[in-house]
Structures are given as C-alpha cells and as structure tokens.
Novice: 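Please read through the structure below; I'll follow up with questions.
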Amino acid sequence: MDPAPPPSAPRRPPRRRSVKPTNYDESRLDALLHDQLGGPVPSRKRNKTLEERQRETETEAMIALSLGFPIDALLDSELAAGVAAPFAAEQNDYIVVRNHILARWRANVRSFLSKSQIRETVSSDYDHLISRAYDFLSERGYINFGVSPAIQAQFQEENDKGSVVVVGAGLAGLAAARQLLGFGFKVLVLEGRDRPGGRVYTMKMGKRGNFAAVDLGGSVITGIHANPLGVLARQLGVPLHKIRDRCPLFRPDGRDVDDKLDLEVDFVFNKLLDKATQLREVLGEFADGISLGSAIERLRKLYGMARSGEERELLDWHLANLEYANAGCLTELSLAYWDQDDPYEMGGDHCFLAGGNWRLINALCEDVPILYGKTVTRIEYGEGGVVVVAAGGQVFQADMVLCTVPLGVLKSGNIKFHPELPSRKLEAIKRLGFGLLNKVAMVFPYVFWSEELDTFGCLNRDRCKRGEFFLFYSYHTVSGGPVLIALVAGEAALSFESTDPVILLHRVLEILRGIYGPRGVQVPDPIQTVCTRWGSDPLCRGSYSHIRVGSSGSDYDILAENVGGRLFFAGEATTREYPATMHGAFLSGLREASCILHASRSITNGNADPKKCLQKNLRFCNDILLDLFKEPDLAFGNFSFVFDTITMEDPKAMGLMRVTFGTSKNEACRSYISEEESEEQRQLTDSQFQALHLYAILSREQAHHIQLVFWLEAEHFQQMGTQTHPRGYRASSKSTEINQ
C-alpha cells in the first residue's frame, strides 16, 4: 500500500534536445568508471602490483560514491553501528573493505555474495573488518537484496527470529517482507486491495489479445545510478528505456512555441528559483511561513519578468511541471524546505521499465505470504506484541507490525492506533503535505504523434488550469501499444477528481487535434480511456508527499521513527532523502527490515540472562582488541602499543597501550581447534588459557618514555649478568596491505 506514487519528475524541466532512442543498461555506470580510471579492472588475484591495487581501490571508491557512500568517511549509520575502532587508520581500512564488497556485488547483482568469497580477495589480517562491513551492508540492504533466485535460495528455512505483520503490499511493504523472510522472520502481508502494488499499478488496456501495459500510478524510475529498482530490472533481465530529452512545447492554439522565447523563459524560470533560494537565505527562520508560490510571484513582479501573455503562459507551464514534481500546489510548498532532498537525488537518466512496473511488483511478491482484501482498521501495540485488526473483525497477532500505508491514509485517521501515536508523530503527519497527480491514459489505433518523442507539452491560457494536460507521455516504446498519457497537476488535479470523464476526454482530444490537425494529421478516437482518481481512493487519499508550509525534512524522520520497538513505519513519506519516489518507498522497506531485525535482537537480549549478555558483550570487545593488537606499532616485553597512522609523527598523538600478565596460550591453542569443533569446546579452551590484559590510553611521547625506562632496566640486568630481561623482549612495526 505504500510503494511509490504516481510518476515523479525532475525538479527542473527536461532539456529539449534530440536524442536517439536507447535502452538503458545500469552496468554501463561501472564500465564508465573503469574507463575513466584507466580501463577495465582486472580480476582480483594475489600478488598484484601497487599500481593495480591503487587503481582498483580508486574504482571501487567511485562505485561506492555513486551508491551514496562518502569516499573517505563513514556513514552516520556506520558510526552508530561501531563498524570500526575510533582510529583513522582502522576506519580507512574499513572503508577500503566496504567499498570492495559493494563493488563485488554490484558487478553481478544476480549472485549472492558470501563472506568466503570476500576472504578470497582480502588479506586475512582484515577478517574482523570483512565481517563487520559485510554484516552492515547485508543487514541494511546494500547488498544481496532483490528478486534473484540465487538470493532467494539463501532464505533461512527456520523462521525463528520472530513474527511480523506488514500492512500494505506496495513497494515498501514487499521490500521489507522479502528482507525479513531472508533474515528468518515469520511474515504475513495484509493488503486492502485485490492486487499488490498500491500506488504502483500497471493496467492492461486495449483490445483483447493485443493489450498494452499502462502504468496508471508510479511509472518513471527517476535516476538510474544507484537506484535499487535498476538492480531489480537487471536481476530480471528487463530492459529500461531512457526517456529522451526532447520535449517540444505547443501553444494553446496548437502552434509551436518559438525556440528563442522558450530558451528565454526557461532561463527566467531557473533565475526565479535561484532568487527564491537567495531570499530564504536572507529571511532565515522567517522563511518557514512563506510558500514557494508566493515568493516566486513576488519576485517575478519585482524583477519585471514574463510580462507578456505568451511569456506568462510559458512560465506557467514550467510552474506546472514544478507542481507535478512535488504533487502539490506551489501555494502550499514551503519556501524554506521544498527542495531539501535535492542533494540526494539519484544520478543518471530517467527511465521507463519495458512492459510496466508490474513486473517488479510481481517478482517481489513471489513466495511472500499475502492476504488480499484485508483493510486494516486498528493496530494495538505494547510490550507483549501487536494485534492487527482488519475490516470485518479478523484479528492477527505478531511480535511486531510494519505499517506502510500512504500518508494520506494516516491523515484520514482510518486506522486507529492503541495506544495513540506519540504527539510528535501525529503533528508531523498533520504538517506534511500529501498532494495529487492524475492521469488520462489513452490507447489509440495507431501512433499518430512522432515516434521520436517520449514527451511533449501544451500551454494553457488559464493560470488556474495550467497543470491540466500540460504534459503528455508516449508509452509506445515500452507498453506494447500506441499509448498516450496526459498528466494533470496542481489545482487542476483537484478539480479533475469531480469532473465527468467524458468531458475530460473531450478536452484532451481537443488539445491533440489542435496540435496535429493543422499539420495534416488526423487524430483518431481512442480505443480505450482511463481517468485516475487517486485522491478519491480510500486506500491512498492522494499521490505522494511534499513539504508544506510549516513542515520540514525532519518530519519525514519523525514519521520513520518506530514506537516502542513494536510498531514500525515505511513508505515514501518516511524517507527524508528520497520522498515522492518509487525507489524511496523501496529503500524505506529495506531500512525498516533492518530496524526490525535489530529491535528483535534487543527484545531477545532483554529477555535473556543478564550474565550471559554481559559475557557475550565482553567477548565481542575482547575480540576487537585482540584483532587490534595482532600487529602493534610498538612492542617490548609485555607492553604493546597501537597508534593512529595518520598522526604517526605527532608525539602528542594518542594511542592505546596493552600490558599482558601471564602466559597467553589462548591464541596458540585456538589454532589447534578446527572450525567444525563446537563453540563450547572453544569457550572451554579460552577459559583455561586466558591471559590478563590491562589497557590504557596514552600519548606516543609517553609510550617512548616507558620504552626508555624498559631499556634502562634491561641494561641494568645485563650489567648484573642476567642475559634476558625478566619480562622478555620483542619488537614489531605495522606494515600491511588489505588486498593481497
């Protein structure tokens, strides 16, 4: 129920230049990166040259960057997860390992990437980093996700992690359900409709035996680079069609818009947006109560822009396109935060999926237990678990529940929560905007428009109707038939809901015949027409979210917060980075599956023996320290030191000292225990030969003082005739390579 919304568009209008049709292959990104950095990267082998390793590391870093990871830093979520010790050297090593894992899986997304495969290409000295990076990336859905049979084959047979009810079989709900099944949860999806997909809906239209697949809801994959929906398409082998940039505009009387005037007004439009950005910076917090629409209009008048009627009509077309991108009227959009998600926008082309987005939905549904016709009316949650009630009184009990219904449903109050949701969440639901976009989908007997076009637009004389049929999408390249879709945005989308479909069709055909009739092209009557009514649909109440005046991006974060570790939320309106997109809905499902996994562990640990939990945590910390001191930077006697390699020359740089008491046979004994032997035997061995380690933080200068004292003491013993220092002696220096 909370996949992505009807199609989303770029923040800026498309550039209109002629481009030949092409099918998009996401793997081209990897190839491009390899070419830019010196050609294809050879397969990983041991004993590579330093230059080969360096080039490979750079390429993998660029791939990670394209996926949203910083090149030389950890994500906030990685820092919170404690994936690496707080030393720059270890964090740098972790980043290299992480980037390598990401690149390895992206090279073949149809495969399941295992830890053992990573260990084949990364030095065993970094085993602990492999485990942490792999677990982080896998649990949070950065690798090994999707619909590939190889990935599905890794689903755990025993569902012993707990039980989860997922409300809604849209992209968010299906993504979460598949991940949770893979983690070992019992999962049941409840869907109010008689089909999956929610606001992603592909309808068969046309004559029997010659149907066309038409996306009436979410349709455009907005930015293919790093887009998880592109990964699904690669796994299924479904081609993507790049939406060509050329988008001619026509005046209300059907004449072409003058190219020179088009470029001038396009410049004016972008200049107004730039000025609006400057205005909000000047106003500061006072911009919170101002709408983007009012700011643009005042700036237009202030600078005397778009004065003539033709210029104003053309500017209104650009404003309608902006309302389409945000599914809301400009008079409602927040000047302060309307574009807060721009820094996270997916790169690359915008694409259609050949055959419609139902192909993704259908694949995601495979082997996922879904009950249709189950409209949820009540959700109860507490320490003992959750109770979900569907219309008709049917009750479902589980450990946790994931609610993926659209923001419009949450606003309507049709689902009652007990206890009531926290006030901060209720206020965020109220503040955020949930707009509307509608479509008129038409199947014609033949393609009468230019087959070289994917889009074309039409201006409107009436400002209040500037969003009515302002943009046409041609689906003939991907739907299997001559399909045109007319979009309705802004104020026009609201009045559209209550207008007779016959009248709407008449208006659309009037526009098309006004454009093509004077060119000697006869526009036939369509074979079939469908008008959407997303605002009137009780299971969505609109199209997708936007930041309304008085709201901000933090409201998306608040919507995403779980309540009591039992009630979770996903959907496009719960992602601050990717709202109003299909991939945003999908990613939110992966995010919440990870949150549920960690919440389940917390619940399990809370019910466990505190002593056992303490022992487990101590063992985890001890393992980290053992790995850290495998190759100390400085060692003598029973003293070992590790320092930050970035500040190696700074005598004030802080480091960690370990003092060992007793003979440590632990590691030597471990080497005689095979991996097949039981954990109990390993623990028994550890307890028998455990050495005592004391740790302290000190500077490099202090470490050298200790070393000096040690040498003076050693010299004293030599003068007394003792051959060796009573605490022995050894020295080492750290010099390792991650990639062998």
Side-chain angles (χ1 to χ4, degrees), residues 24-45 48-79 83-84 88-111 113 117-118 120-123 126 129-130 132-134 136-138 140-146 221-235 240 242 342-351 577-578 583 587 590 646 737-740:
Y24 192 93
D25 180 1
E26 195 202 4
S27 62
R28 291 180 182 176
L29 171 63
D30 298 343
L32 176 62
L33 291 173
H34 293 163
D35 292 342
Q36 292 295 322
L37 295 169
V41 175
S43 60
R44 283 182 170 260
K45 296 179 181 178
K48 288 185 177 180
T49 66
L50 179 61
E51 182 181 355
E52 288 175 332
R53 285 200 302 268
Q54 183 66 26
R55 188 197 313 165
E56 191 171 57
T57 299
E58 290 175 358
T59 301
E60 291 173 349
M62 292 302 295
I63 292 174
L65 180 65
S66 74
L67 298 174
F69 286 82
I71 288 180
D72 56 356
L74 301 180
L75 295 173
D76 290 341
S77 53
E78 288 178 304
L79 291 170
V83 295
E90 174 151 336
Q91 291 187 358
N92 288 340
D93 291 344
Y94 169 86
I95 290 170
V96 174
V97 172
R98 176 200 70 191
N99 294 349
H100 173 55
I101 295 173
L102 286 168
R104 279 288 299 274
W105 189 68
R106 283 283 170 159
N108 183 9
V109 295
R110 293 186 177 91
S111 67
L113 182 64
Q117 290 173 300
I118 300 301
E120 292 174 357
T121 55
V122 177
S123 168
Y126 300 90
L129 295 180
I130 293 174
R132 293 178 208 161
Y134 182 91
F136 177 86
L137 296 173
S138 180
R140 285 162 176 77
Y142 290 108
I143 63 171
N144 293 337
F145 69 85
I221 297 178
T222 50
I224 198 61
H225 292 169
N227 197 311
L229 302 186
V231 172
L232 299 186
R234 288 173 65 183
Q235 290 174 337
L240 296 172
K242 175 189 178 297
D342 274 5
Y344 310 100
E345 186 174 306
M346 294 284 182
D349 299 317
H350 291 201
C351 299
E577 295 83 2
Y578 311 110
H583 60 264
L587 288 171
L590 299 183
I646 302 300
E737 290 288 348
I738 286 183
N739 299 326
Q740 294 181 343

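Positions are given from 1, in the same order as the sequence printed here.
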Novice: Got a donor-acceptor contact below 3.5 angstrom from the D349 side chain to the C351 backbone?
Specialist: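 Not a single qualifying donor-acceptor pair exists.
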Novice: For residues R104 and T121, is any side-chain donor paired with an opposing acceptor at under 3.5 Å?
Specialist: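 R104 vs T121: donor-acceptor pair found between side chains.
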Novice: Return the minimal non-hydrogen interatomic distance between G146 and L232, and the atom names on each side.
Specialist: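 Distance-wise, the nearest heavy atoms are CA-CD2, 3.5 Å.
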Novice: Looking at every heavy atom in both M346 and P228, which two are closest together, and how far apart are they?
Specialist: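 Nearest pair, atom of M346 first, then P228: CE-CD, 4.2 Å.
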Novice: Of R98, Q91, R140, which meets side chain to side chain contact (heavy atoms under 4.5 Å, CB included) against E78?
Specialist: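 Per the side chain to side chain contact (heavy atoms under 4.5 Å, CB included) rule, the option paired with E78 is R98, out of R98, Q91, R140.
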Novice: Roughly how far, to the nearest 0.5 Å, is the CG atom of D93 from the OH atom of Y126?
Specialist: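 It comes to 4.5 Å.
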Novice: What's the separation between atom CZ in R53 and atom CZ in R55, rounded to the nearest 0.5 Å?
Specialist: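 Here the interatomic distance stands at 13.0 Å.
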Novice: Hey, which of I221, T222, I224 is the one that makes side chain to side chain contact (heavy atoms under 4.5 Å, CB included) with H583?
Specialist: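 The passing option is T222.
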Novice: Does the side chain of I143 reach to within under 4.5 Å of the side chain of Y134, using non-hydrogen atoms?
Specialist: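 A side-chain contact exists here, since the closest heavy-atom pair is under 4.5 Å.
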Novice: Between Q235 (side chain only) and V109 (backbone N and O only), is there a donor and an acceptor less than 3.5 Å apart?
Specialist: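 Such a contact is found between Q235 side chain and V109 backbone.
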Novice: Looking at every heavy atom in both G223 and N227, which two are closest together, and how far apart are they?
Specialist: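 It is O-ND2, 2.8 Å.
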Novice: So how far is it from L67 CG to N99 CG, rounded to the nearest 0.5 Å?
Specialist: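 Going from the CG atom of L67 to the CG atom of N99 covers 9.0 Å.
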Novice: Has the side chain of R234 got a donor or acceptor atom that lies under 3.5 Å from a matching backbone atom of R110?
Specialist: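 No: the side chain of R234 does not pair with the backbone of R110.
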Novice: G141 and L590: which non-hydrogen atoms are nearest, and at how many Å?
Specialist: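 Here G141 and L590 meet closest at O-CD1, 3.6 Å.
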Novice: So does E90 pair up with R132, basic N to acidic O under 4.0 Å?
Specialist: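 R132 and E90: salt-bridged.
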Novice: Please report the C-alpha distance between V231 and W105 in whole Å, then the side-chain angles of each, then the deciding distance to 0.1 Å, and finally whether the side chain to side chain contact (heavy atoms under 4.5 Å, CB included) criterion is met.
Specialist: CA-CA 11 Å; V231 172; W105 189 68; 3.8 Å; yes
Novice: Could you measure the distance from the CD1 atom of I95 to the OG1 atom of T57? Nearest 0.5 Å is fine.
Specialist: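 So the CD1 of I95 and the OG1 of T57 are separated by 12.0 Å.
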Novice: Describe, in one word, how the ring planes of Y344 and Y578 are oriented to each other, choosing from parallel (under 30°), tilted (30 to 60°) and perpendicular (over 60°).
Specialist: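 Ring orientation, 0 to 90° scale: perpendicular.
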Novice: Taking all non-hydrogen atoms of both residues into account, name the closest pair between S66 and A226 and its distance.
Specialist: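 S66 and A226 have their closest heavy atoms at O-CB, 2.9 Å.
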Novice: Supply the atom-to-atom distance Q54 CD to E52 CD, rounded to the nearest 0.5 angstrom.
Specialist: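 If we round to the nearest 0.5 Å, Q54:CD and E52:CD are 12.0 Å apart.
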Novice: For residues L74 and Y94, determine if any side-chain heavy atom of one lies less than 4.5 Å from a side-chain heavy atom of the other.
Specialist: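 With C-beta onward as the side chain, the pair touches.
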Novice: Atom CD1 of I118 and atom CG of L129: how far apart are they, to the nearest 0.5 Å?
Specialist: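 So the CD1 of I118 and the CG of L129 are separated by 13.0 Å.
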Novice: So, the side chain of N144 versus the backbone of L113: is there a donor-acceptor pair under 3.5 Å, distance only?
Specialist: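 Side chain of N144 to backbone of L113, a donor-acceptor pair under 3.5 Å: yes, one is there.
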Novice: Taking all non-hydrogen atoms of both residues into account, name the closest pair between A61 and I71 and its distance.
Specialist: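 Closest approach of A61 to I71: O-CG1, 4.0 Å.
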